[in-house]
Amino acid sequence: MPQEKTKQKILIAVAWPYCNGDLHIGHIAGAYLPPDIFARYQRLKGNDVLMVSGSDTHGTPITVHAKELGISPREVVDRYHPRFIELFQKLGISFDLFTETDTENHWAVTQDFFLTHWENGYIYKGEMQQLFCLDCQKFLADRYVEGTCPYCGYPHARGDQCDNCGRTLDPTDLIDPHCKICGGTNLELRSTEHFFLDLGKLNEPLKTWINDGKKDHWRPSVFNFTKTQLEGGELRGRPITRDISWGIPVPLPGYEHKRIYVWYDAVIGYLAASKEWSQHIGRPEAWREWWQDEKARSYYFIGKDNIPFHTIIWPAMLYGYGGLNLPYDVPANEYLNVEGKQLSKSRHWVVEALDVLGRYDPDPWRYVLAANFPETQDIDFTWEEFVRRNNAELVATWGNLANRVLSFAYKRFDGQVPTPRAFDQRDKAILAQSEEVFERVSQLLDSVKLRNAITEVMGLAHEANRYLNDKEPWKQIKVDQEAAATTIYTCLQVIDRLKVLFLPFLPFSSQKLHEYLGYDGDIMGRQYVEEYMETKRKHLVLRYDGSNIAVRWELTTLPAGQPLRKPAPLFSKLEASVAAEETARMIARLTQEAA
RNA sequence: GGCGGCGUAGCUCAGUCGGUAGAGCAAACGGCUCAUAAUCGUUGGGUCACAGGUUCAAGUCCUGUCGCCGCCA
């Protein structure tokens with residue numbers, strides 16, 4: 001049924017990883033793999049996808065980290081930013097642009113935002129009481145004050161939060177507060193002038209926005225939370241500047257020594273990166289198609305801790321700026337726990353993504369994480385589950401299906417796709433099933449139910465195995481060559497469709513399968529790293545080129561007689577011992593770091 | 001403390017609009033031998049956190065309690 005295909009503009013905005021440490025698999029499952037699957041699907045459908053993110057480089061955690069290492073904040077960024085890029089390349093996360101916030105472009109876009117908010121009356125000046133270190137002659141950001149937690153007695157609690165009991169604190173709550181820079185205790189409360197985003201003034205328009213009746217597709221956890229907050233009508237001004245030296249200078253005369261608070265500039269990155277991408281492709285105004293066209297849709301992929309920033313603060317900022325689209329959807333995920341415990345760098349319970357990608361292929365990770373996406377609740381990942389899903393589902397159900405059929409065809413039908421005769425009822429049934437699955441998966445992907453979608457796809461692989469066992473082509477071929485040819489053709493046809501269905505999830509193996517089936521061409525696109533020079537500074541970016549992709553999101557028809565390539569298994573089994581080894585590795589690290 | 005989400009089989013999780021509780025794993029038995037010993041079939045297992053309420057009918061809606069997670073204070 002040919003329907004008018006209008007290309008939809010899809011902005012895929014991905015949480016900006018904070019650039020002071022490596023990403024773990026919880027980040028991948030929560031925020032980075034989902035948008036890639038969604039982006040690949042949308043591109044295959046023929047929509048115009050712009051998927052952007054970058055390293056979040058400002059803020060005091062990075063300056064604190066830099067001081068601990070005895071290097072500059074910029075050197076901290078230079079240490080982790082390339083590792084993010086390496087990770088996303090290895091995992092196949094197809095950012096149209098992954099950049100960073102310490103760029104001339106981002107500074108300019110942020111300062112423009114600030115000035116526009118200022119001119120539009122959404123920023124006001126106010127006085128704040130802040131601890132000042134008399135020895136350093138500096139105001140201390142919350143994180144630069146250390147002391148004893150008044151709740152649990154932990155002696156190294158920070159001014160913003162206690163790492164031991166997790167409570168949020170005010171620097172003045174601390175017992176025996178001292179300066180983290182010089183260790184001194186000569187602190188006094190002083191008044192300092194700062195700028196505030198007037199969220200109170202933006203509460204009412206946001207209330208109208210959340211109740212506009214166009215949020216039915218939002219996840220309940222995201223929608224209910226946002227709606228309640230906005231209808232409470234109690235949004236208050238929030239400081240957007242700080243007395244630190246690392247960050248974007250306030251663009252007002254007399255205030256250049258103050259810096260823009262990292263939370264304010266980080267979300268602007270979505271727009272800044274879109275503008276940077278437009279520069280790269282040589283159409284500097286292209287970003288407008290994703291940000292100003294009312295029909296464009298923007299999806300923000302984030303973890304649940306980030307919900308208020310993306311459903312309240314960022315929409316408020318966009319509204320206050322004017323003329324830019326507010327989020328169409330914010331499919332926030334819950335958390336991925338590991339072996340029953342929450343991942344936590346400070347508590348030394350981590351599975352670093354780059355580390356494990358050195359030991360295991362990307363598609364098994366993509367599969368296992370997608371099958372476990374925490375879309376509705378926190379999910380418990382175990383290494384045993386990783387091995388089981390890899391061996392019993394990816395290898396045994398899907399990889400083995402492809403391999404058994406391809407091998408049979410290659411050996412018994414002269415290395416070609418066999419020519420079928422008329423299909424019987426059983427053949428027609430499996431082909432019809434592949435169409436139904438295609439429909440269902442499309443609907444699930446459209447509504448960002450990725451976990452259900454991949455389960456449906458795997459279900460079709462399961463059905464194809466059943467079909468094969470019903471037809472027994474290894475028996476048919478002894479008595480009726482054409483019957484076997486029809487069975488194998490039918491199964492290859494289904495596998496070809498599974499290749500497309502799996503492509504957003506498992507691009508690496510779908511590419512291999514594409515070649516085994518005798519096709520040419522690239523179906524997963526090409527990622528590449530560039531160094532981009534601005535007038536004074538340069539930075540590394542990750543980009544993606546999917547312009548030559550040789551398939552579309554549609555039911556394929558495999559040409560009979562097409563020469564096959566010699567097949568090989570798509571996936572490898574893992575030793576059962578892997579689970580115990582990896583768990584032991586985590587526990588070893590835990591006890592070692594704790595000592 | 002306030003707000004939101006979650007709590008379902010031994011384990012990990014689905015469950016749409018209120019209509020007789022589902023899948024996978026694990027266990028047992030059987031079929032097949034194309035395939036990486038992979039695959040296919042059959043079989044068991046439930047106080048849907050707890051206590052009330054609405055309804056002809058509640059895992060689902062309402063109230064309260066407990067626990068976990070997040071945001072805010």
Side-chain angles (χ1 to χ4, degrees), chain A residues 26 30 161 166-170 173 199 216 218-232 234-236 238 302-313 332-337 339-344 368 371-413 440 443-444 447 449 451-452 455-456 458-459 461-478 484 487-488 491 495 567-574:
Chain A
Q161 188 178 28
R167 296 195 72 131
T168 49
L169 303 171
D170 206 69
D173 295 338
L199 289 170
D216 287 348
W218 282 36
R219 293 182 180 172
S221 57
V222 178
F223 180 74
N224 291 337
F225 174 83
T226 305
K227 184 179 163 75
T228 309
Q229 296 292 315
L230 291 175
E231 290 193 335
E234 291 174 2
L235 296 189
R236 283 179 298 181
R238 208 181 149 111
I302 57 167
K304 65 175 167 182
D305 53 327
N306 242 330
I307 291 171
F309 277 100
H310 291 80
T311 64
I312 296 172
I313 293 175
N333 278 328
E334 308 287 314
Y335 281 173
L336 182 88
N337 298 325
E339 306 286 349
K341 279 192 279 191
Q342 190 171 114
L343 289 168
S344 159
V368 175
N372 284 310
F373 275 158
E375 290 175 351
T376 55
Q377 60 178 341
D378 289 354
I379 289 285
D380 192 35
F381 169 93
T382 62
W383 279 100
E384 206 171 329
E385 174 85 345
F386 176 73
V387 174
R388 184 192 71 70
R389 282 203 191 263
N390 179 75
N391 290 356
E393 297 178 9
L394 204 51
V395 174
T397 303
W398 169 223
N400 184 51
L401 169 71
N403 193 43
R404 68 196 292 210
V405 176
L406 284 165
S407 298
F408 197 94
Y410 194 79
K411 281 187 234 165
R412 312 298 286 272
F413 290 99
R440 278 202 297 276
Q443 282 173 18
L444 289 167
S447 50
K449 292 177 177 167
R451 182 189 171 125
N452 283 349
T455 304
E456 280 286 339
M458 192 55 90
H462 180 81
E463 290 297 334
N465 273 316
R466 182 200 306 251
Y467 165 81
L468 218 44
N469 279 46
D470 287 352
K471 297 284 272 193
E472 300 184 303
W474 46 92
K475 284 184 182 169
Q476 287 178 313
I477 199 165
K478 293 175 186 164
T487 298
I488 293 300
C491 219
I495 287 170
L570 291 176
F571 310 103
S572 305
K573 273 193 85 166
L574 293 170

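Quick caveat, the model's predicted, so the values are computed rather than measured. Lettering follows sequence order; numbering is per chain, from 1.
Heavy atoms of A:Phe225 sit under 4.0 angstrom from at least one base atom. A:Leu336 comes within contact range of no nucleotide atom at all, as no heavy-atom separation falls under 4.0 Å. Within the nucleic acid shown, A:Arg451 comes within 4.0 Å of sugar-phosphate atoms alone, with no base atom in reach, counting heavy atoms only. Residue A:Pro308 is classed as a sugar-phosphate contact, given heavy-atom separations below 4.0 Å to backbone atoms only. Nucleic acid contact class of A:Ser572 (heavy atoms, under 4.0 Å, all strands): none. Across all strands shown, A:His462 has heavy atoms under 4.0 Å from sugar-phosphate atoms exclusively, and none from any base. At a threshold of 4.0 angstrom between heavy atoms, the contacts of A:Glu472 are confined to the sugar-phosphate backbone, with no base atom among them. Residue A:Phe571 is in base contact, counting any heavy-atom pair closer than 4.0 Å across all strands shown. A:Ile379 comes within 4.0 angstrom of sugar-phosphate atoms only, judged by non-hydrogen atoms across all strands, and of no base. Across all strands shown, A:Lys475 has heavy atoms under 4.0 Å from sugar-phosphate atoms exclusively, and none from any base.
For A:Arg389 and B:G24, the shortest distance from a side-chain N or O to OP1 or OP2 is not below 4.0 Å. An OP1 or OP2 oxygen of B:A38 is reached within less than 4.0 angstrom by a side-chain nitrogen or oxygen of A:Lys573.
Pair assignment for B:G70 gives B:C3, based on Watson-Crick or G-U wobble hydrogen-bonding distances that are each under 3.5 Å. In this entry B:U39 has B:G31 as its Watson-Crick or G-U wobble partner, both defining distances falling under 3.5 Å. Pairing of B:C25, defined by two Watson-Crick or G-U wobble distances under 3.5 Å, is identified with B:G10. Nucleotide B:U20 is matched to nothing when pairs are restricted to Watson-Crick or G-U wobble geometry with both distances under 3.5 angstrom.
In this structure, A:Trp474 forms an aromatic stack with the base of B:C34, since both conditions hold: centre separation below 5.5 Å and plane angle below 30°.
For A:Asn403 against B:U36, a side-chain-to-base donor-acceptor contact under 3.5 Å is absent. No hydrogens or angles were tested; on distance alone, a donor-acceptor pair under 3.5 Å links the side chain of A:Asn400 to the base of B:A35.
The separation of B:A38 from B:C32, taken at their C1' atoms, amounts to 12 Å, rounded to a whole angstrom. Taking the C1' atom of each, B:U60 and B:U42 are spaced 32 Å apart, rounded to whole Å. A distance of about 24 Å separates the C1' atoms of B:G22 and B:C29, rounded to the whole Å. Remark: the separation of the C1' atoms in B:A9 and B:G46 is 6 Å, to the nearest Å. For the C1' atom pair drawn from B:A23 and B:G15, the interatomic distance equals 10 Å after rounding to whole Å.
Residues A:Ser447 and A:Lys449 meet the side-chain proximity criterion, which asks for heavy atoms closer than 4.5 Å. Put simply, the side chain of A:Lys304 reaches to within 4.5 Å of the side chain of A:Ile307, judged on heavy atoms. Residues A:Glu234 and A:Gln229 fail the side-chain proximity criterion, which asks for heavy atoms closer than 4.5 Å.
Ring geometry for A:Phe223 versus A:Trp218: interplanar angle over 60°, hence perpendicular rather than tilted (30 to 60°).
Put simply, the residue from A:Leu468, A:Thr487, A:Ile488 that forms a side-chain contact (heavy atoms from CB on, under 4.5 Å) with A:Phe408 is A:Ile488. When each of A:Arg451, A:Glu375, A:Gln377 is paired with A:Asn333, the side-chain contact (heavy atoms from CB on, under 4.5 Å) condition holds for A:Glu375 and for no other.
Mapped onto RNA chain B by nearest heavy atom, A:Ala396 and A:Ser221 fall at different nucleotides, with A:Ser221 at the one closer to the 5' end. Both A:Lys304 and A:Asn465 sit near RNA chain B, but only A:Asn465 has its closest nucleotide nearer the 5' end.
Between A:Glu456 and A:Arg440, at least one side-chain nitrogen of the basic residue sits less than 4.0 Å from a carboxylate oxygen of the acidic one, meeting the salt-bridge criterion.
If you measure from atom CG of A:Asn469 to atom P of B:A38, you get 15 Å, rounded to the nearest angstrom. The interatomic distance linking A:Arg236 (CZ) with B:C71 (P) rounds to 17 Å, in whole Å.
Minimum atom distance to the side chain of A:Phe408 is reached by B:C34, of the listed B:U36, B:C34, B:U12.
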